[in-house]
Participant: 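Got a structure here, written out as structure tokens. Questions coming.
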Amino acid sequence: MPWNDEYECMPAKKLQQFQLEKLRETVAWVSKKVPFYKKKFKEAGIKPEDIKTLEDTAKLPYTEKTDLRDEYPFGLCAVPMKEVVRIHASSGTTGKPITGPYTEDDLAQWTECMVRNFWSAGVRPDDIVQNAYGYGLFTGGLGFHQAATKLRCAVVPTSSGLTERQITLMKDFGATVLCSTPSYALTIAERAAELKTDLRKLPLRVGIFGAEPWTSQMREEIEERMGIKAMEAYGLTELGGPGIAFDCEAQDGLHINEDHFLAEIVDPQTFEPLPLGEKGELLFTSLQRRAMPMIRYRTKDITSLTREKCACGRTFVKMGKVFGRTDDMLIISGVNVFPSQIESLLLEIPEVEPQYRLVVRKKGYLDQLIVQVEGKKEVYELGSEKRFEIEGKINAHIRGNMGISVEVNLVEPKFIARSEGKALRVVDERPKQLR
Ligand code: DLL
């Protein structure tokens, strides 16, 4: 049974009616409160009262990361600061950070969305939740913290890092739930194995992983190493953090909290709306947020939406696992390549560890992809001939499945820096002007 079946199982028609009502309210709210939107709507020749159906969303202009940067820090804030009770921000690898202000109601809604995520993962009040998402400006730490508290779980706010201590506390406190990025879960599992701690024998039962792309093969790897069920969380700072979408026991897509977020898929180049089932860029319009609502925000995440009857009873639309980000897409020998495709193929090779990095270089006019993947210790130690053979095997596997030629380097165990948060998968060594 879902946490909030009134909304999570709402018949589709009623849900869409609810979304339309909230969409109209949001559009009216931002056009009154945010000069940026007022101007954009005017330029697009659209008034709030023109939104008569959900399809009319396509008439609204979209919002993107550069808009948030241009309006940094509070240009898109729709409430006076005295109503803001929290400000999160994304660290952002380049340029200014993205700010995320919340009113008290926004925080309560965020918590509700995250409680649904926990509940769906089978977490209950008697669980001990070790929260290894980073605390601070990142939305992972407090986002998971406040929902686990609301659910009356015992929260252990370890934050990320200090891996050995994570393992000691996990053992001593008997944590039953771990929240972290999937790559950090793998780091914990690896360190535990080195310390001869068998995580499979601990009470740990469930993990809620997210904040970065990971394949189903990676999910299985983590489940196997930790002896847990690996569930998922999806979200982004601009829309308030995790809690936008979560998976259920069916584990074949993430239900979007549709009473709070209106999702669309568009062609990332032409911006044409795409039908259910087709892969494209995911856009979100927030439906109930007040401090910083977003209209058709371009997430840059590539996925598809499906609306089929789900075994769990939820009626919320499902998004597929994020395939990649438009800005992580590489073009190798004319073929579009996403890191997740390479990850899937690498994890099918038994001789390697699930630790890899993609290095992109220029060779003449062409982009060259170097796949660095760690060999398993016992395999790596068999010597250079064996390593060469495995590199050839990986190369053939990638060529056979994707039709591209890459250079494979089987690197020694521990060559690749371990992640404590979001893993760095792509190292782009091309000159900036040639990317
Ligand atoms: O990563 C919020 C979050 C925290 C989500 C904890 C889940 C768990 P940002 O740092 O703003 O926010 O990064 C957002 O991360 O656009 C995706 O590209 C990626 N991402 C988040 N969740 C997933 C996921 C948080 N489950 C960006 N699968 C998003 C794939 C994800 N990518």
Side-chain angles (χ1 to χ4, degrees), residues 63-65 68-69 87-100 102 110 113-114 116-118 120-121 129 131-148 159-160 177-185 207-216 218-219 222 230-248 251 253-257 261 263 268 281-284 286 292 294 297-304 318-329 338-341 343-344 419-426:
T63 314
E64 54 188 335
K65 206 173 216 118
L68 276 86
R69 293 218 163 106
I87 303 165
H88 280 282
S90 77
S91 51
T93 40
T94 51
K96 290 176 189 159
I98 300 299
T99 41
Y102 303 73
W110 183 20
C113 288
M114 278 305 301
R116 294 176 188 177
N117 196 157
F118 271 111
S120 168
V129 177
N131 187 11
Y133 282 111
Y135 277 66
L137 288 175
F138 179 52
T139 52
L142 285 170
F144 278 77
H145 182 105
Q146 63 211 14
S159 193
S160 60
V177 181
L178 172 69
C179 305
S180 73
T181 59
S183 58
Y184 190 45
I208 307 183
F209 305 119
E212 62 184 2
W214 55 316
T215 56
S216 338
M218 188 65 93
R219 180 203 288 266
I222 295 172
M231 303 296 282
E232 183 156 358
Y234 168 88
L236 51 152
T237 313
E238 296 87 321
L239 273 304
I244 296 183
F246 56 94
D247 63 353
C248 62
Q251 291 203 303
L254 312 180
H255 288 285
I256 293 172
N257 272 311
F261 302 99
E281 182 176 350
L282 181 62
L283 307 189
F284 283 113
S286 64
M292 199 177 81
M294 280 288 121
Y297 185 72
R298 297 187 65 163
T299 63
K300 298 198 174 173
D301 291 326
I302 305 285
T303 186
S304 57
K318 280 200 255 188
M319 59 182 265
K321 254 186 164 328
V322 174
F323 188 64
R325 289 178 56 80
T326 51
D327 43 11
D328 272 349
M329 189 183 84
F338 285 97
S340 66
Q341 292 169 290
E343 178 177 301
S344 298
S419 154
E420 292 185 350
K422 297 183 191 239
L424 177 70
R425 301 289 191 205
V426 180

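The model shown is predicted, which means the values in this text are computed figures rather than measured ones. Both counts, for ligands and for their atoms, begin at 1 and track the order of listing.
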Participant: Please tell me whether Ser183 and Ser419 have a donor and an acceptor in their side chains that are separated by less than 3.5 angstrom.
Facilitator: yes
Participant: When you measure from atom 25 (C) of ligand 1 to every protein heavy atom, which one gives the shortest distance, and what is it?
Facilitator: Gly235 O, 3.5 Å
Participant: Looking at ligand 1, would Lys422 count as a contact under a 4.0 Å heavy-atom criterion?
Facilitator: yes
Participant: Rounded to the nearest 0.5 Å, how far apart are OG1 of Thr326 and CD of Glu281?
Facilitator: 5.0 Å
Participant: Give, for atom CZ of Phe118 and atom CZ of Phe144, the distance between the pair rounded to the nearest 0.5 Å.
Facilitator: 6.0 Å
Participant: Of all the heavy atoms in Phe138, does at least one lie under 4.0 Å from an atom in ligand 1?
Facilitator: yes
Participant: Give the residue and atom name of whichever protein heavy atom lies nearest to atom 24 (C) of ligand 1, and the separation in Å to one decimal.
Facilitator: Glu232 OE2, 3.6 Å
Participant: Keeping the roles fixed (side chain from Arg325, backbone from Lys300), state whether a donor-acceptor pair exists under 3.5 Å.
Facilitator: no
Participant: Show which atoms of ligand 1 fall inside a sub-4.0 Å distance from at least one heavy-atom site of Phe144.
Facilitator: 6 (C), 8 (C)
Participant: Quick test: of every protein heavy atom, which one is nearest to atom 18 (O) of ligand 1, and how far off is it to 0.1 Å?
Facilitator: Asp301 OD1, 2.6 Å
Participant: Suppose we measure from atom 11 (O) of ligand 1 to each protein heavy atom; which comes out shortest, and what is that distance?
Facilitator: Thr237 OG1, 2.5 Å
Participant: Taking only heavy atoms of Gly140, which atoms of ligand 1 are found under 4.0 Å from at least one of them?
Facilitator: 4 (C), 6 (C)
Participant: In ligand 1, which numbered atoms sit nearer than 4.0 Å to a non-hydrogen atom of Val322?
Facilitator: 30 (C)
Participant: Any ion pair linking Asp247 and Arg219 (charged N to carboxylate O, less than 4.0 Å)?
Facilitator: yes
Participant: Once rounded to the nearest 0.5 Å, what's the spacing between atom OH of Tyr102 and atom NE2 of His88?
Facilitator: 5.0 Å
Participant: Closer than 4.0 Å to some heavy atom of Thr139 - which atoms of ligand 1 meet that?
Facilitator: 2 (C)
Participant: Could you check atom 22 (N) of ligand 1 against the protein and tell me its nearest heavy-atom contact, residue, atom and distance included?
Facilitator: Ala211 N, 3.0 Å
Participant: Heavy-atom contacts under 4.0 Å between Arg325 and ligand 1: side chain, backbone, both, or neither?
Facilitator: side chain
Participant: I need the nearest protein heavy-atom contact for atom 31 (C) of ligand 1: residue, atom name and distance, please.
Facilitator: Glu212 N, 3.5 Å
